[in-house]
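Let me begin by presenting the structure, written as structure tokens, before commenting on it.
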Amino acid sequence: MDGAESVRSGRSDRSERSHRSHGSHHSRHHRHRNHTSHRSQSGRSSDRMRDDRSVTIQTPGNGSDGESRIAESEKIEVQILPQDDNWGDNTTAYTGNTSETGFSMDDMRRFANEKFEEDTGGIDCCRYFCRYLTTAFAGLLSLLGFFSPIAMVVLPKLKISGWATDNCGVECEGLLISMAFKLLILLIGTVALFFHQPRATMPRVFVFRVVVLFLVFILTFAFWLFYGVKIMQEKETNYYSIVQFSVHLVDALLFIHYIAVILLIIRQLQPQYVIHVVRSPDGESRTYTLGNLSIQRAAVWILEQYYKDFPVFNPYLENVIKKTLKMSSLKFYDVDGGQQTNNNARNRAMFAAAGRRRDGSHNDRFYEEQEYDRRVRKRRSRLVTAAEEAFTHIKRMQEETGPAVPMDPQEAAQAVFPSMARPLQKFLRVTRQQPRYTMESVLSHLATCISHDMSAKSFIERYLNQGIVIMNSKDYRDTQKWVLVCDQLLTREIEHNLVFQLRQNDVSLLCSVRKLPHFNITEEVIDPKSNKFVLKLSSETSVNFSQQTV
């Protein structure tokens, strides 16, 4: 059994001897001494054959001779057996038939029995409370700015404290219609720009959004202050002037919305920086261009690209190539101080042997990688052949000329899946993808491909490579938690030579920022007179002209 541990204890032998021994103390002591000497001799002979991964755990004695002999028998030897990396090829399967494509229902139930627990981390309640609080405050301030022009127009018509105004003429009604359409445009633009589900929860506030909200607050407060002092307190009777004052507030709000579009959207569209993203531990990398963004918004943008561009990180692929232990350096210490010449000669010989082993390690890795690639290509060819043969037995009912049993896509998938289940299982094993797929998910994908008349290669395309991160249904969650590590304030904009990191469990993304250089392009005009060429023939060049006469 791979990865198992064999544990042998001396307690069972001692208990067995205690049940069988009813003689004198001398005979028991004699047998115990013979048994101890026999174990010491067998132990010395087996130590030379034992692997370095065996561990002996000995219970410490209390100092007396009898107790030390008893403690000597209280030894537990633990030997960790080496795991064979060829577990995908050496697996023995027992089926009910002798065909290569035979696959029993027991094997189908054991197709993927490895389960992974989802990381259900705790939610930061304080952060979510602050997020909803700031969202509620921003919404309240936006509603206050939107309904302020309407309130300024309606208040004079309520005749509060005897405040009466003139009737609204033609020009006044035109201003009211213009204000209504401007408010409608402002409402649509504000909802499209601000009121949407955020893609990320950032640790810091968004500075430009705070600036826009601050401008809205200052503008609304200033207009209401002027309205209360100059219009309400003095009870302005010219209703046209009041409507014109409200229209000016709407125009100012539209200009603030225009500034918000520039700061939040247009400003980041022009590429200014190149960012290089490297994933650890597999070393997968990508390069992107982005505009002027803060560090936290750049991290969100990088995660968006990561989930659609990077392949899935498979930790099991890291152990595909056997990692043999090599001695990189040897140290020898002469404790007694004698036999200096013999020790030096022995040290030089052992150093030379270690150097030869170290120099040959790249050869071993090269051939192991070649062997693994050969196995993957072999399993891939078998999978493609088995899938194409299985799909040839599936036809739609109107295309079938002879008698046939009608089946829905799920039944058809269950009928043809056993013929290609074994090659698919072996390919998933050799590529270390088996924990990601269950039999139910494979059957569902097969039924979908059958119902849409997809080909065999379209079905196995999902399993031929690792796929992108977002399509990994095994680890997909609605909320992905990442940790942003940077030595700068996250609200600052990215700059040249900035380095920050994104972490999630064992995966980390190291991001290095470089600023795009300024391109100085000069013009060079070609003179038409110098744009002519001649043919120079040397003595060694022979040009033969042949003319055919008719």
Side-chain angles (χ1 to χ4, degrees), residues 2-3 83 85-88 111-121 199-201 274-288 290 295-296 298-323 365 368-373 375-377 379-380 383 424-442 445 460-486 499-513:
D2 295 341
Q83 183 177 1
D85 288 340
N86 299 325
W87 56 276
F111 185 78
N113 54 5
E114 238 181 290
K115 301 296 182 182
F116 288 88
E117 297 181 356
E118 293 185 358
D119 183 17
T120 56
R199 294 190 304 270
T201 303
V274 174
I275 185 164
H276 183 63
V277 184
V278 181
R279 183 173 65 183
S280 177
D282 62 345
E284 193 74 25
S285 64
R286 295 290 186 276
T287 303
Y288 304 104
L290 70 163
I295 298 176
Q296 59 182 2
V300 174
W301 189 88
I302 288 168
L303 289 177
E304 293 174 359
Q305 311 306 315
Y306 168 75
Y307 275 89
K308 72 180 184 64
D309 290 344
F310 275 71
V312 175
F313 169 66
N314 193 344
Y316 301 101
L317 284 177
E318 300 298 318
N319 299 324
V320 167
I321 306 300
K322 296 180 181 178
K323 299 180 179 179
R365 186 178 186 89
E368 287 170 0
E369 290 178 354
Q370 291 292 324
E371 177 64 20
Y372 175 73
D373 293 339
R375 289 169 50 200
V376 171
R377 291 194 302 268
R379 300 299 182 193
R380 178 191 176 111
L383 175 59
L424 177 60
Q425 184 183 22
K426 288 187 176 182
F427 181 80
L428 294 180
R429 281 179 177 177
V430 77
T431 55
R432 304 301 195 264
Q433 300 184 69
Q434 191 181 15
R436 288 166 44 192
Y437 300 105
T438 60
M439 188 190 67
E440 290 77 12
S441 64
V442 176
H445 178 54
I460 63 176
E461 181 272 338
R462 173 180 294 185
Y463 313 106
L464 293 182
N465 47 42
Q466 298 293 330
I468 59 176
V469 179
I470 193 64
M471 299 305 294
N472 184 17
S473 58
K474 190 71 176 180
D475 298 331
Y476 180 80
R477 291 185 295 272
D478 292 336
T479 302
Q480 296 285 345
K481 184 177 181 180
W482 289 80
V483 178
L484 178 57
V485 181
C486 185
V499 177
F500 59 93
Q501 188 182 36
L502 290 163
R503 295 178 183 174
Q504 185 189 54
N505 298 331
D506 297 333
V507 178
S508 63
L509 303 177
L510 184 64
C511 307
S512 305
V513 181

Contact summary for [X] and [Y], nearest pair of heavy atoms:
X: Pro435; Y: Lys474; value: O-CE, 3.4 Å
X: Tyr372; Y: Val430; value: OH-O, 2.9 Å
X: Gln433; Y: Arg462; value: OE1-O, 4.5 Å

[atom1]-[atom2] distance between [X] and [Y], expressed to the nearest 0.5 angstrom:
X: Asp506; Y: Asp282; atom1: CG; atom2: CG; result: 11.5 Å
X: Gln480; Y: Asp475; atom1: CD; atom2: CG; result: 8.0 Å
X: Leu424; Y: Met439; atom1: CG; atom2: CE; result: 12.0 Å
X: Leu509; Y: Ile302; atom1: CG; atom2: CD1; result: 8.0 Å
X: Cys511; Y: Ile295; atom1: SG; atom2: CD1; result: 11.0 Å
X: Ile275; Y: Phe500; atom1: CD1; atom2: CZ; result: 4.0 Å

Worksheet entry | salt_bridge(Glu371, Arg375) N-O dist < 4.0 Å | no

Note to self: Looking at Asp373, I'd like to know if its CG atom is crowded, meaning that more than 12 non-hydrogen atoms belonging to other residues, nucleotides or ligands lie closer than 6.0 Å.
What the structure shows: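 Yes, enclosed.
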
Should we count CZ of Arg286 as having more than 12 external heavy atoms under 6.0 Å?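 Buried by this count: over 12 neighbours within 6.0 Å.
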
Worksheet entry | Verdict with reasoning, Glu369 to Arg365, per salt bridge (Lys or Arg N to Asp or Glu O under 4.0 Å) | CA-CA 6 Å; Glu369 290 178 354; Arg365 186 178 186 89; 3.3 Å; yes

- Message: Could you walk me through whether Phe313 and Val469 satisfy the side chain to side chain contact (heavy atoms under 4.5 Å, CB included) test, starting with their C-alpha distance in whole Å, then the side-chain angles of each, then the deciding distance to 0.1 Å, before giving a yes or no?
- Response: CA-CA 8 Å; Phe313 169 66; Val469 179; over 6 Å; no

### Message
Under a 3.5 Å distance rule, please check whether Arg379 uses its side chain to pair with a backbone N or O of Thr431 as donor and acceptor.
### Response
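Not at all, since once roles are kept as given, no pair shorter than 3.5 Å links the two residues.
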
Review point. So, Asn505 side chain and Val507 main chain: donor-acceptor pair closer than 3.5 Å or not?
Key: no

- Mind running side chain to side chain contact (heavy atoms under 4.5 Å, CB included) on Ile468 and Tyr307 for me, showing each step along the way? CA-CA 7 Å; Ile468 59 176; Tyr307 275 89; over 6 Å; no

Quick check: do Val513 and Leu290 have side-chain heavy atoms less than 4.5 Å from each other? no

Any Tyr306 side-chain heavy atom under 4.5 Å of Arg279 side chain
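Of all side-chain heavy-atom pairs linking Arg279 with Tyr306, at least one is under 4.5 Å.
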
Leu502 vs Leu303, side chain to side chain contact (heavy atoms under 4.5 Å, CB included): CA-CA, chis, key distance, verdict: CA-CA 9 Å; Leu502 290 163; Leu303 289 177; 3.9 Å; yes

Centroid-to-centroid, Tyr463 to Tyr437, below 6.0 Å?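 Centroid separation for Tyr463 and Tyr437: below 6.0 Å.
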
### Task
List the steps, then state whether side chain to side chain contact (heavy atoms under 4.5 Å, CB included) holds for Val312 with Phe310.
CA-CA 7 Å; Val312 175; Phe310 275 71; over 6 Å; no

- prompt: Do we see a donor-acceptor contact under 3.5 Å between the side chains of Arg436 and Gln466?
  reply: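 Side-chain D/A pair, Arg436 to Gln466: present.
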
